Amino acid sequence: MRVKVQLFARLRELAGRGECDCEVPAGASVGDVWRAVADRHVSLRPFGGAISCALNADFARMNAPVQEGDEIAFLPPVSGG
Amino acid sequence: MRVKVQLFARLRELAGRGECDCEVPAGASVGDVWRAVADRHVSLRPFGGAISCALNADFARMNAPVQEGDEIAFLPPVSGG
Amino acid sequence: MPDDRLAIVSDPLSVERLSTMLEAMARDRGEGCGAVCSFVGTVRATHQGRHVRYLEYEAFAPLAVKVFHRIEHEIGRHWPGALVAIHHRIGRLQIGEASVAIAVATPHRAEAFQACRYAIERVKQIAPIWKHEFFEDGDLWIEGAPADPEDEAAQQRALEQACA
Amino acid sequence: MPDDRLAIVSDPLSVERLSTMLEAMARDRGEGCGAVCSFVGTVRATHQGRHVRYLEYEAFAPLAVKVFHRIEHEIGRHWPGALVAIHHRIGRLQIGEASVAIAVATPHRAEAFQACRYAIERVKQIAPIWKHEFFEDGDLWIEGAPADPEDEAAQQRALEQACA
């Protein structure tokens with residue numbers, strides 16, 4: 001199934017793009033989506049332990065299941081304020 | 001000698017005026033000025049223990065000596081903010 | 001007019017104006033300020049259950065401005081480099097209007113919050129300003145404690161409220 | 001537009017606008033607010049000794065606004081009745097410009113200072129917003145910690161900074 005991926009800040013810069021589609025098997029989790037994205041953009045891999053995730057614009061854990069058409073966002077450590 | 005007295009807030013209302021001149025003997029203190037004013041306006045007397053004083057627009061103690069022409073202000077408990 | 005930062009005023013207060021003054025000062029010193037904490041006190045509609053129609057504030061203005069400078073000086077001792085602006089309004093105020101506006105600018109936020117809180121505590125303790133409340137059925141001069149800038153216990157209390 | 005109080009914006013921030021919104025809300029509830037504490041964070045000229053030319057802020061705006069609502073909700077639990085406004089700016093900011101403005105209105109001042117400090121701590125911890133600093137000789141994405149709104153230790157830390 002196909003999901004939409006959003007990357008922010010340094011992740012976006014490293015990947016060279018802020019949005020992409022990603023193909024994952026049925027039953028995939030947010031973590032599976034991350035691994036698929038990081039396989040395509042190896043420069044993202046070192047971030048694996050230090051990102052937050054959002055599923056359809058709500059915070060989600062890596063083990064949250066995803067559905068066809070979901071929007072999954074990966075967020076590097078934040079620095080607002 | 002003659003000094004100028006300023007009264008504020010409730011003191012001003014009780015005395016019916018915000019400024020008056022006051023005649024005190026040479027060598028008088030701020031406290032002497034207060035007693036002279038409170039003798040003239042007896043409604044001020046209960047305030048004696050709960051006022052602050054200023055001499056020429058600087059805080060002063062009751063025992064500070066006054067000079068001819070000085071401005072002495074008596075301040076009830078404050079409530080700014 | 002640098003001393004506009006510390007003033008008794010008759011017109012409506014603007015916290016934005018205070019922040020802008022402090023930011024301009026900080027820029028003149030060559031470094032942005034980083035953090036600005038502001039406090040605005042506004043006229044409440046009730047006092048001990050009574051409906052307030054309006055307030056009047058009275059000040060001994062020349063002494064009040066000196067007191068604001070003293071507070072600025074005290075803040076400089078405890079939070080070096082902090083910039084301070086204090087405006088207190090006098091005259092008649094309607095419900096919801098601001099009676100006092102304070103802004104403090106510092107490089108980092110903890111100091112801004114502490115110094116701003118300290119400033120309002122000290123204004124309430126020692127500024128020669130009086131609040132006169134007018135109700136439907138009478139009026140009341142509000143009276144706290146006599147102002148004594150040298151009272152170290154009061155300074156300590158303000159510091160504790162600011163920092164703890 | 002009540003939710004204008006909690007927003008990601010591209011235009012210059014105004015703390016006055018936030019205060020005005022809160023005062024209007026408080027009036028609608030039939031009681032003035034009494035105390036408004038505001039915080040503004042501004043762009044500093046240097047970062048670890050390097051001269052900053054300008055900054056860019058990026059946000060995941062829909063989630064950031066949800067986070068601001070979450071922070072408002074947390075504040076409502078700790079300081080019942082507090083009114084909160086949070087604006088964070090995105091895009092390019094020059095030295096001295098405000099990146100974040102927060103205002104909190106409460107009946108009494110202690111709560112306003114505490115809740116406002118709590119708000120900025122939580123914004124820094126969990127809002128999906130990123131700061132990108134541009135120097136004469138390069139640039140740097142600032143990165144704190146991963147955002148985790150459910151992290152109770154972080155909430156507790158923010159509460160301690162607000163109240164102690």
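Note that this is a predicted model, so its numbers are computed, not measured. Every heavy atom of this structure was used, including side-chain atoms; hydrogens, water molecules and symmetry mates were not. Just so it is clear: chains get the letters A, B, ... in the order the sequence lines come, proteins before strands, and each one is counted from 1.
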Worksheet entry | For D:Ala127, all residues meeting side chain to side chain contact (heavy atoms under 4.5 Å, CB included), sequence neighbours excluded | D:Val67, D:Phe68, D:Val123, D:Ile129

Practice prompt. Check whether A:Ala57 gets within reach of chain D through its side chain, its backbone, both or neither, counting any heavy atom under 4.5 Å.
Written response: both

Item to complete: Can you see which heavy atom on D:Ile126 is nearest to which on A:Phe59, and at what distance?
Response: O-CZ, 3.6 Å

Discussion item. My understanding is that only residues two or more places apart in sequence, or in another chain, count here; which of them pass salt bridge (Lys or Arg N to Asp or Glu O under 4.0 Å) with A:Arg35?
Written reply: A:Asp32

Discussion item. Need one label for D:Pro149: side chain, backbone, both or neither, based on atoms under 4.5 Å from any heavy atom in chain A.
Written reply: side chain

Worksheet item: So which part of D:Ala145 gets closer than 4.5 Å to some heavy atom of chain A, the side chain, the backbone, both or neither?
Response: backbone

Worksheet item: Closest heavy-atom contact between A:Val78 and D:Pro128?
Response: CG1-CA, 3.9 Å

Fill in: salt bridge (charged side-chain N to carboxylate O under 4.0 Å, His left out) contacts in which one or both residues fall within residues 44-57 of chain A, not counting sequence neighbours
A:Asp39-A:Arg45

Record all donor-acceptor atom pairs with a distance under 3.5 Å between chain A and chain D; write none if the list is empty.
unit_1  : atom_1 : unit_2   : atom_2 : d
A:Ala9  : N      : D:Glu58  : OE2    : 2.8
A:Arg10 : NE     : D:Glu143 : OE2    : 3.0
A:Arg10 : NH2    : D:Glu143 : OE1    : 2.9
A:Arg12 : NE     : D:Glu58  : OE1    : 3.4
A:Arg12 : NE     : D:Glu58  : OE2    : 3.1
A:Arg12 : NH2    : D:Glu58  : OE1    : 2.4
A:Glu13 : OE1    : D:Trp141 : NE1    : 3.0
A:Ser52 : OG     : D:Ala147 : N      : 2.9
A:Ser52 : OG     : D:Ala147 : O      : 2.5
A:Ala57 : O      : D:Lys66  : NZ     : 2.8
A:Arg61 : NH1    : D:Asp148 : OD2    : 3.4
A:Arg61 : NH2    : D:Asp148 : OD1    : 3.2
A:Pro76 : O      : D:Trp130 : NE1    : 2.9
A:Pro77 : O      : D:Trp130 : NE1    : 3.2
A:Val78 : N      : D:Ala145 : O      : 3.1
A:Val78 : O      : D:Gly144 : N      : 2.9
A:Ser79 : N      : D:Ile129 : O      : 2.9
A:Ser79 : OG     : D:Lys131 : N      : 2.9
A:Ser79 : OG     : D:Ile142 : O      : 2.6
A:Gly80 : N      : D:Ile129 : O      : 3.2
A:Gly81 : N      : D:His88  : NE2    : 2.8
A:Gly81 : O      : D:Tyr57  : OH     : 2.8
A:Gly81 : O      : D:Ser99  : OG     : 3.1

Worksheet entry | Toward chain A, the part of D:Ala64 with a non-hydrogen atom under 4.5 Å | neither

Worksheet item: At a heavy-atom separation under 4.5 Å, does D:Ile142 approach chain A through its side chain, its backbone, both, or neither?
Response: both

Worksheet item: How close do D:Gly144 and A:Pro77 get, heavy atom to heavy atom, and via which atoms?
Response: O-CB, 3.5 Å

